[in-house]
Amino acid sequence: MSIKYAMLGILAERDLHGYELKSSFDEKVGDFWSLNYGQIYSTLDRLEKDGLVTHDREAQEKRPDRKIFRITPDGRQELTQWLATPVTRIRALRDEFFIKLVFMVKSDPAPVLALIDKQKTLYLKQMNRLTQRKLALKKGAGGNEALTSELLIDAGLFHAEADIRWLTLCEAKIKAAINQEK
Amino acid sequence: MIELRNAGKTYRQGSREVRALRDVSFIINKGEFLSIMGPSGSGKSTLLNLMGGLDQPTSGEVFIDGRPLHNITDNELTLIRRRRVGYIFQFFNLLPLLTAEENVGLPLLLDGLPFSEVKPRAAALLDKVGLRERAEHRPEQLSGGEMQRVAIARALITGPAVILADEPTGNLDSHTSEEIFLLLKSFNDQGQTIVMVTHDPKAAAYGTRIITLKDGAPDQDIVIGGDNP
């Protein structure tokens, strides 16, 4: 995932200075993606070099000028193209849990099964929290922003569900393998 | 509210004994939305049937509102099932020849109330589940989601102590399922106790409490509060 397109997306809505850009980013996707100011400014630098973003200077009393960033027509075109392109890379199978599984499964199965249990409970609690947030959103004012948040929560729920289903399958297969050995 | 004390259930399958449930003890408090989760064969449906008096435990006891479901006459048990428990099933279980309104009113009609008295109550509940315009439709004229809404209204009409739901969205798509859960949740917010069994973690996540079953016994009992990590 690229910070570049998130910046372009935010600037496509309105011109902003760096601080506002970060606030807007946090508000929109901060739940699952955190950025620091360094990353934001270095991305803006690159976008300016590529001609996708430009800036105006705004004078401030007793302080240095600040930059108001603006998306260029080239930037808009780049964003539109990116938005229309499906994502070809499927979620990477490289999270910490997979690594644990690789190193555990060869030895004694009991700790693996215990770990799977704990992991499932954790996902279930996470799903419950996400569902509570969705319910709270549903009671709110609604609107476009709320819909986006809701869809992202749904994505979190579906992913966690897939993980739970997969863990359940792991459990069944590991148990079947133990029974076969007996 | 509902209490299970060492409830167990053993079936005979030919010469084999199958322990569907072993020594289950817990209390469901008023106002809870309990999700019972487990893979198929873990004893979920058996547990739900015990709680609703549809099935008797082979050991232990079950109480609804402090009243035992054992050592009572069939007639008393029938009355508890009809008046104190509302059921919602995966396949809706509506009567095909009755209209939505008649289906909703059925538990009261079976109890001997005249239709003139039942009709306004059924109509009010259909309104609450968003089906006012569908009162005169028969099940075959309704979508899956609408049929389940009718079933929810039917489950509510007696003002039951508890609603027992068995995979209520097992037969519905994701969006329709969400609408059904939002509806159940809204009744739970008004104090309705709900117990739902499901193998679907997305469904279970609507609960205020989740019990997972494993090999016929509770495994985890997760009460949802602010103290979860």
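Lettering follows sequence order; numbering is per chain, from 1. Fair warning: this is a prediction, and the values are worked out from it, not measured in the lab.
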Problem - Pair B/Glu32, B/Thr208: side-chain N/O donor-acceptor within cut-off below 3.5 Å - result: no

Practice task
Check each atom of A/Asp154 against the heavy atoms of chain B and say whether the ones under 4.5 Å are side chain, backbone, both or neither.
Solution key: side chain

Exercise for the section: Pick one of side chain, backbone, both or neither for A/Gln132, based on which atoms fall under 4.5 Å of a heavy atom in chain B. Expected result: side chain

Exercise for the section: Compute the ring centroids of A/Trp166 and A/Phe98, then answer whether they are less than 6.0 Å apart. Expected result: yes

Practice task
Check for a donor-acceptor pair, side chain of B/Gln148 on one end and backbone N or O of B/Phe89 on the other, with a separation under 3.5 Å.
Solution key: yes

Heavy-atom proximity to chain A below 4.5 Å, by part of [X]:
X        : value
B/Asp200 : both
B/Thr212 : side chain
B/Lys185 : side chain

Handout entry: Test applied, side chain to side chain contact (heavy atoms under 4.5 Å, CB included); reference residue, A/Ile153; option that passes from A/Arg129, A/Lys134, A/Met127
Key = A/Lys134

Handout entry: NZ/NE/NH1/NH2 to OD/OE distance under 4.0 Å, A/Lys67 and A/Glu58
Key = no

